Amino acid sequence: MLAETLRAKQREREILLMTHIVMGYPSFDDSLRVVEAMVEAGVEIMELQIPFSEPIADGPVILHANQRSLQAGSSVERCLAFGEEVAKRFDIPFLLMSYYNILFKYGVDAFAKRMAEAGLVGAIVPDLPPEEADEYLAAMAAHDLAPVFILSPSTTDERMARITRVTKGLVYCVARKGVTGQDTSFSDDLDSYLARCRAATDLPLALGFGVKDRADVDFLRGRADLAVIGTQTIRVVEEQGVEGVKPFIEGLRPPLSA
Amino acid sequence: MPEPGYYGQFGGSFIPEILVATFEELVQAFEQAKADPEFWNTYLKLMGSYSCRPTPLTYAENLTRHFGGARIYIKREDLNHTGAHKANNVMGQGLLVKRMGKGRVIAETGAGQHGVATATMAAKFGFDCTIYMGEIDVQRQRPNVFWMERLGATVIPVTEGTRTLKDAINEAFRDWVSAMDDTHYVLGTACGPHPFPEMVTWFQSIIGLEARRQVLEETGQLPARIYACVGGGSNAMGIFSGFLDDDVELVGVEAGGRGLETGAHAARLASSDASLGVAQGYKTFFLQDDDGQMKETHSVAAGLDYVGVSPILSHLKETGRVRFSAATDTEVVDALSLTIRKEGLIPALESAHGFVQAFKEAPTLSHDDVIIINQSGRGDKDIFTVADAFEDPGWKQFIRDKAKEYDAR
């Protein structure tokens, strides 16, 4: 379902945008205004991160946002309620992103049930490889949610096949080694990597980690289906406030021709 | 068949996809090393010539007389080079790094022992070395930072989170994710994703192998009980693994901090405050809140001040093979004081936790019984921390005078 929704949107836009926020950073009010600005600017899908005290796959910018959100008192329940609110209010798909302990402590099936009730369409759990994911996969399937898994340049073809078999909605392709928010030098290596990802699955490919401006998005046109803008939007909010979000997102792609 | 890396329901490998290939390489290198008797021989030779192994098993005659019960023996891991059992793991992983052909090592450190041991190993083997250390620990453990830097390591203070051990582990993982081609992460304890719990236990099992042989030679019998402090669990797993199949009671002692009832402790297995969770790449008991966020922990001993615990120990607790208790900061300082006076031995504050429980139980046992305490490290080189724990007035004055002397220059 999610894959079809994205494919339909691709009839208007060759490259889609998936943006990321850490819920409750700098505040839930601001988070809501950021989502609103992103939707208005034409973002096709969003990841909403529930902050975790040990976010090992995230770089300094998102790590800091996790810490600040928790210090301000963000709870899992508050984040789920926020997810429900935006899913009701805005007509784009929303994914949850968090670390496995958040789901595990809540109860994996109960968490999936709550996500489905909230109108969220799927989840990204970066520290949960498919080998450890039996319970999660069963819960996501039972509630008709998309488990989004991650591929990396060091993932073998054989493993790509195994991962994409259990992935639904879209596949998240990490552009390079490292944590979120570092510069990626987009290169020929990336071409061959994305070609391997493409060969492994018919699902839309989202390319993440390091996409930060129009040039990066232009480069991905024809190579990936979605560009993931994560760390850079947090930087924009930190530097320019919520007001900076809409112009930043709009500047990433040429305007839709009327 | 149980899944590899699982101990009952504990352990596993919860890692970002980007690290999967690196872990596969590590598992393979470890399996090959384990299957190669030459590797273990090289390890024994290195530990014998570089780190005073086998470490002695010392009969604590005066403490035995003092308590009037079981005969107390002390396994002297404090006599390792760099002053703690940490050397066993670090030198073993160093040999593995050489086999893998990598040129850079990184490590987390809490109290600084593991950082100093890793920096020492890197100096000996000619590796580049980066140590991640929580900002608070950098402030508390300056002497260890001094030595790491002298040994050629770069020490990076971690300013996020609680700025202690767990945050240093997260930061080391972040480094590794960006640099795994040439870098090995020397995890310091029997925690983390597979194969670390098994691999660290394997290198530390040298303690138990020696202790079993020594106690039989010395007393002609197996000990009734063995006591070891438990932070991550590596020294405990090391000595316990020599006796798992014997009729020997194994006792792990965690940090009771200001008392279990205060919440200011690091007792994951000896209290009911911890619950099952998944963090830092593995499943075990964590001190966490209902949302799954990790809590702050407390101990007078920085090396025990950690939110998680070895998945192997969680399993051994569940099966009833290992019994767990906790020692408070105050009890630890008293036990340390007594050991110094009676035996002229200076255990690290961490190790002194094991002594506390042994001292409580020794009088209840018979003189025919033997018990072993694992003295995992030495306390004399942690003079700043130990002097603080004793609130020694003469020492405080010395530091004031020394500061004045620097200011006057």
Side-chain angles (χ1 to χ4, degrees), chain A residues 50-60 63-71 74-79 98-106 108 111 125-134 149-156 159-160 163 172-182 209, chain B residues 3-6 11-25 158-163 166-183 185 192-194 275-284 286-296 307-308:
Chain A
I50 301 179
F52 180 46
S53 56
E54 322 300 318
I56 53 170
D58 283 306
L63 165 67
H64 183 81
N66 273 260
Q67 295 291 345
R68 290 298 165 280
S69 176
L70 288 174
Q71 277 166 7
S74 297
S75 67
V76 171
E77 207 48 65
R78 178 73 185 85
C79 290
S98 198
Y99 289 82
Y100 187 53
N101 202 43
I102 298 296
L103 288 71
F104 184 79
K105 275 297 274 184
Y106 196 95
V108 175
F111 191 90
V125 186
D127 63 342
L128 187 68
E131 290 82 356
E132 304 280 3
D134 289 353
F149 284 91
I150 297 172
L151 302 179
S152 91
S154 60
T155 310
T156 60
R159 193 174 159 78
M160 278 189 182
I163 294 172
Y172 195 117
C173 307
V174 172
R176 47 141 186 78
K177 296 182 292 193
V179 290
T180 54
Q182 296 169 332
F209 287 31
Chain B
E3 298 275 322
Y6 268 91
S13 186
F14 296 82
I15 49 174
E17 180 59 29
I18 195 90
L19 276 175
V20 167
T22 304
F23 270 88
E24 278 172 2
E25 182 196 2
V158 177
T159 56
E160 292 291 344
T162 55
R163 294 175 289 155
K166 73 174 179 61
D167 308 286
I169 292 176
N170 292 338
E171 216 48 46
F173 270 114
R174 288 189 190 99
D175 179 315
W176 206 15
V177 164
S178 313
M180 65 267 198
D181 294 347
D182 188 47
T183 298
Y185 176 16
H194 179 65
S275 60
L276 193 58
V278 178
Q280 305 203 306
Y282 68 112
K283 186 186 281 186
T284 194
F286 286 98
L287 288 163
Q288 56 183 329
D289 68 16
D290 292 340
D291 267 0
Q293 312 293 357
M294 297 302 141
K295 284 188 184 167
E296 294 213 17
V307 290

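Both backbone and side-chain heavy atoms feed into the values below; hydrogens, waters and symmetry mates do not. In this text the structure is predicted, and so the values were computed from the model without any measurement. Just so it is clear: chains get the letters A, B, ... in the order the sequence lines come, proteins before strands, and each one is counted from 1.
At a 4.5 Å heavy-atom cutoff, Thr162(B) makes no contact with chain A through either its backbone or its side chain. Using a 4.5 Å cut-off between heavy atoms, Ile163(A) contacts chain B through its side chain alone, with no backbone atom that close. When heavy atoms are compared at a cutoff of 4.5 Å, Leu70(A) approaches chain B solely by way of its side chain, counted from C-beta outward. Contacts between Ile169(B) and chain A at a heavy-atom distance below 4.5 Å are absent for every atom of the residue. Heavy atoms of Gln67(A) lying under 4.5 Å from chain B belong exclusively to its side chain. Looking at Phe104(A), only its side chain comes within 4.5 Å of chain B, counting heavy atoms on both sides. Contact annotation for Pro55(A): both backbone and side-chain heavy atoms come within less than 4.5 Å of a heavy atom of chain B.
Put simply, of Glu24(B), Glu171(B), Lys166(B), Gln280(B), the one with the most heavy-atom pairs under 4.5 Å next to chain A is Lys166(B). Ranking Ala133(A), Pro51(A), Ser152(A), Ser75(A) against chain B, the residue ahead of the rest is Ser152(A), based on heavy-atom pairs under 4.5 Å. Considering only heavy-atom pairs separated by less than 4.5 Å from chain A, the leading option among Pro193(B), Ala279(B), Gly161(B) is Gly161(B). Between chain A and the options Thr22(B), Val278(B), Thr159(B), Val307(B), heavy-atom pairs under 4.5 Å are most frequent for Val278(B).
Looking at Pro16(B) and Ile150(A), their side chains never come closer than 4.5 Å, going by heavy atoms from C-beta outward. Using a 4.5 Å heavy-atom threshold, the side chains of Val125(A) and Phe149(A) count as separate.
Between the Asp291(B) side chain and the Gln293(B) main chain, no donor and acceptor come within less than 3.5 Å of each other. A donor-acceptor pair is defined here as one N or O able to donate and one able to accept, closer than 3.5 Å; such a pair exists between the side chain of Thr183(B) and the backbone of Ala179(B).
Evaluation of the side chain to side chain donor-acceptor pair (under 3.5 Å) rule for Arg159(A) yields Glu131(A), Glu17(B) as partners, not counting sequence neighbours.
Listed here is the closest heavy atom pair of Met180(B) and Ile18(B): CE-O, 3.2 Å. The heavy-atom pair separating Ser53(A) from Asn170(B) by the smallest distance is O-ND2, 4.3 Å.
Among the candidates Asp127(A), Asn66(A), Asp58(A), the single residue satisfying the side-chain hydrogen bond (donor to acceptor under 3.5 Å, both in side chains) test with Tyr99(A) is Asp58(A).
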